Amino acid sequence: MSLINRVYVENVGAHVGEEVELRGWLYNKRSSGKIRFLLMRDGTGIVQGVMVKGSVPDEVFERFDALTQESAFGLKGKVRKEDRAPGGYELEVSDVVIYSIAHEYPIAPKEHGVEFLADRRHLWLRSSRQHAIMRVRHRIIKAIRDFFDERGFTLLDSPILTPAACEGTTTLFETEYFDLGKAYLTQSGQLYAEAGAMAFGKVYCFGPTFRAEKSKTRRHLSEFWMVEPEVAFADLNDDMDLAEEFLEYIVQSVLRDRERELKVLERNTTFLQNVKCPLPRITYDEAVEILKRKGVAFEWGNDFGGTDETIISEQFDRPVMVHRYPAQVKAFYMKRDPENPNLALAVDVLAPEGYGEIIGGSQREDDLDTLIRRIQEHQLPQEAFEWYLDLRRYGTVPHAGFGLGIERTVAWICGLDHVRETIPFPRMIYRLTP
RNA sequence: UCCGCGAUAGCUCAAUGGUAGAGCAUGCGGCUGUUAACCGCAGGGUUGCAGGUUCGAGUCCUGCUCGCGGAGCCA
């Protein structure tokens, strides 16, 4: 049996009446004496095999007794449409092949605490809920790559080890780098993506990013994935056009191809169906007005906190773009609004239902002298940014881009209450294992 | 770093300051359509750690460790 022709659970419906062989792990088993049910999980789904005493040799019938939860085994038998079976199909078992008997499996088919499961993340990934989440994550990432690919973007990945802070704000993970002193794990690939945009016009980078902040919330990981497009000859409006088209593409792809998974997750997709262009665009000032109207004591000039973002996003039935923030709360490389130099040409996209900021972007400062002044104002070491300043010395153009956090996007689309379930092996302040 | 909550069987939890228990899991037995199957029996505990109050502490007090949620920071 070649890999190509192997039958997997997700395809058994195409083999009704045929004798097939499935390979997988025991999800659960049930018995009523002379009739026995084996539930096999093979990574694509779960199907039940049924054996009646006398319909198979006794030695095959008795292998049921040896199989423990998560034991690896093969099932041979004829596929039958059966409404009483989970999934609608079942296997009339003719043979059972045991590959390995599992030790007592710690994750029983019942409720467990988060800590217990997190300690066994390598096993937890086998459960149907985690399986559904990872399948959605995969589809989101494929949609991201397809989106940029279809629009002529070039993938240009940025380095993970960097000589200095990209934005000079957050705490970074530090390591020794041979004889060259300290290196830092990247917190953003954006500056390198800008170099890419000047070389290729439209690029994106997509990789892990690291923040050593001691954040302890349901929205933070110390290692997370971010996709960052960067486009030459683009302003803030172009950036927002790209972001809304991007979000619509991702969400609609998942709705179309991951209906089953969203059902497993019991996700109410009402808000997701609404994610279609155009998305509402409001200014920072208008967002502040919303907060004031809702009785929030908010001072102009601050950045929004988690609860502020929730209140703002609750006013809309789809993600909302908030643009033109006070420059003081944004990064040094963001261009100022020519009509009001106190404002940065920045945009944050806030997801509905309290999921917060999933995209942060801006038009970049393209003037050499202004950018040097910003670096000085932020007290950043100019020599570390000389290569970045070169981008303004040699053919500078208006350009813009944004970053989308994968884990927050997965949490939002799946309707999860914590990002720790959105990545196979989460890294958090108090968790480095497994 | 700050604020709040928590830790009891392998797991999820219960137990007015007075004999530490249930469900699930595991083992054994039963059941010819099970759906986190069901029914019966059995084994399973240094109540996170250290100290204190008390005739008596899982329960009250102090300290510590670990975890969870939130703030700040951010995607």
Side-chain angles (χ1 to χ4, degrees), chain A residues 27-39 46-55 61 64-65 68-70 80 82-88 90 92 102-120 123-124 127-129 166-172 186-190 208-228 302-310 329-331 348-351 355-361 402-412 417-420 422-423 428-431:
Chain A
Y27 184 75
N28 204 351
K29 63 179 183 180
R30 306 182 188 99
S31 137
S32 290
K34 297 194 175 63
I35 182 164
R36 295 178 164 182
F37 302 91
L38 290 163
L39 275 80
I46 295 171
V47 73
Q48 103 179 349
V50 58
M51 300 188 285
V52 175
K53 189 166 174 64
S55 70
F61 192 72
F64 176 95
D65 297 322
T68 54
Q69 188 185 356
E70 290 301 317
R80 182 172 63 199
E82 172 56 68
D83 291 336
R84 289 172 292 184
E90 70 180 14
E92 283 177 63
H103 296 207
E104 186 180 331
Y105 193 64
I107 302 177
K110 54 159 290 189
E111 286 176 20
H112 293 278
V114 170
E115 189 189 348
F116 177 83
L117 291 168
D119 283 339
R120 292 156 186 80
L123 303 176
W124 188 18
S127 64
S128 54
R129 184 180 159 79
C166 285
E167 305 183 13
T169 50
T170 55
T171 317
L172 304 185
T186 184
Q187 60 165 326
S188 164
Q190 183 212 306
T209 46
F210 306 87
R211 306 277 167 93
E213 299 288 346
K214 295 188 171 178
S215 300
K216 267 185 64 105
T217 83
R218 62 184 68 204
R219 301 185 309 279
H220 288 86
L221 297 169
S222 36
E223 176 183 310
F224 64 98
W225 285 66
M226 189 154 64
V227 57
E228 295 169 282
N302 290 338
D303 206 349
F304 302 124
T307 29
D308 300 328
E309 290 180 350
T310 303
V329 300
K330 290 294 181 183
D348 282 358
V349 181
L350 307 181
Y355 283 95
E357 182 184 348
I358 49 171
I359 283 181
F402 61 80
L404 171 124
I406 299 303
E407 286 73 21
R408 285 189 185 174
T409 304
V410 176
W412 164 49
D417 65 1
H418 201 301
V419 290
R420 74 183 141 215
T422 63
I423 187 168
M428 295 177 293
I429 176 166
Y430 292 127
R431 178 167 294 282

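Just so we're clear, the structure is a prediction, and the values are computed from it rather than from any experiment. Convention: sequence-line order gives letters A, B, ...; per-chain numbering from 1.
- Backbone-only engagement by A:Phe116 is indicated by non-hydrogen atom pairs under 4.0 Å involving sugar-phosphate atoms exclusively.
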*asked:* Using a 4.0 Å heavy-atom cut-off to protein, can you give one letter per nucleotide of nucleotides 4-9 of chain B, 5' to 3': B if the base is in contact, S if only the sugar-phosphate is, - if neither?
replied: ------
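- The base of B:G69 is not paired with the side chain of A:Arg420 by any donor and acceptor separated by under 3.5 Å.
- Considering every non-hydrogen atom in both A:Phe64 and A:Phe37, the closest pair reads CE1-O, 3.5 Å.
- With rounding to whole Å, A:Ile107 atom CD1 is found 15 Å from B:C24 atom C1'.
- Distance noted for atom P between B:G48 and B:A14: 13 Å (whole Å).
- To the nearest 0.5 Å, atoms NZ (A:Lys53) and CZ (A:Arg36) are separated by 7.5 Å.
- Under the salt bridge (charged side-chain N to carboxylate O under 4.0 Å, His left out) criterion, A:Glu407 pairs with A:Arg137, not counting sequence neighbours.
- Separation of the C1' atoms belonging to B:U65 and B:U19 is 32 Å when rounded to the nearest angstrom.
- At a threshold of 4.0 angstrom between heavy atoms, the contacts of A:Pro86 include nucleobase atoms, whether or not backbone atoms are also involved.
- Only the P atoms considered, B:A42 is 42 Å distant from B:U54, to the nearest whole Å.
- Using a 4.0 Å heavy-atom criterion, one finds that A:Leu221 contacts the bases of the nucleic acid, with or without backbone contacts as well.
- At the heavy-atom level, A:His220 lies under 4.0 Å from base atoms of the strands shown.
- Nucleic acid contact for A:Lys29: none, since no nucleic acid atom lies under 4.0 Å from a heavy atom of the residue.
- Between A:Arg120 atom CZ and A:His112 atom NE2 the span is 9.0 Å, to the nearest 0.5 Å.
- Closest to the side chain of A:Met226, from the set B:A75, B:U32, B:U12, is B:A75.
- Atom CG of A:Leu221 is separated from atom CZ of A:Arg408 by 9.0 Å, given to the nearest 0.5 angstrom.
- Among the atoms of the strands shown, base atoms are found under 4.0 Å from some heavy atom of A:Arg80.
- Figure legend: cation-pi geometry between A:Arg211 and A:Phe224 absent, as NZ or CZ is not positioned both under 6.0 Å from the six-membered ring centre and within 45° of its axis.
- The minimum heavy-atom distance between A:Pro208 and A:Thr186, with the atom names listed, is O-CG2, 3.7 Å.
- Counting non-hydrogen atoms under 4.0 angstrom, A:Glu90 reaches a base of the nucleic acid.
- Contact between the side-chain N/O atoms of A:His418 and the OP1/OP2 oxygens of B:G69 is found at a separation under 4.0 Å.
- A:Lys29 pairs by the salt bridge (charged side-chain N to carboxylate O under 4.0 Å, His left out) definition with nothing, not counting sequence neighbours.
- A:Gln69 comes within contact range of no nucleotide atom at all, as no heavy-atom separation falls under 4.0 Å.
- Rounded to a whole angstrom, the distance from the P atom of B:G4 to that of B:C41 is 48 Å.
- OP1 or OP2 of B:U1 has at least one side-chain nitrogen or oxygen of A:Lys214 nearer than 4.0 Å.
- For B:C31, the base has a donor-acceptor partner in the side chain of A:Ser31 [N/O atoms by modelled type, under 3.5 angstrom].
- Nucleotide B:G17 has no partner under the Watson-Crick or G-U criteria, as no pair reaches both atom distances under 3.5 Å.
- Nucleic acid contact class of A:Gln48 (heavy atoms, under 4.0 Å, all strands): base.
- In terms of position along RNA chain B, the nucleotide closest to A:Ala85 lies nearer the 5' end than the nucleotide closest to the other residue of the pair A:Ala85 and A:Asn28.
- Heavy atoms of A:Arg219 sit under 4.0 angstrom from at least one base atom.
- Among the atoms of the strands shown, none is found under 4.0 Å from any heavy atom of A:Gly356.
- Shown here, B:U46 forms no base pair; nothing in the strands shown gives a Watson-Crick or G-U wobble contact with both key distances under 3.5 Å.
- B:G45 and B:A15 are spaced 14 Å apart, taking the C1' atom of each and rounding to whole Å.
- The 5' end of RNA chain B is approached more closely, in terms of each residue's nearest nucleotide, by A:Asp83 than by the other of A:Gly405 and A:Asp83.
- For B:A57 and B:G72, the C1' atoms lie 40 Å apart once the distance is rounded to whole Å.
- Evaluation of atom-type donor-acceptor distances gives a pair under 3.5 Å for the side chain of A:Ser215 against the base of B:C73.
- Atom CE in A:Met51 sits roughly 13 Å away from atom C1' in B:U32 (whole-Å rounding).
- In this structure, A:Phe37 does not pack face-to-face on the six-membered ring of B:G33, missing the 5.5 Å centre cutoff or the 30° plane limit.
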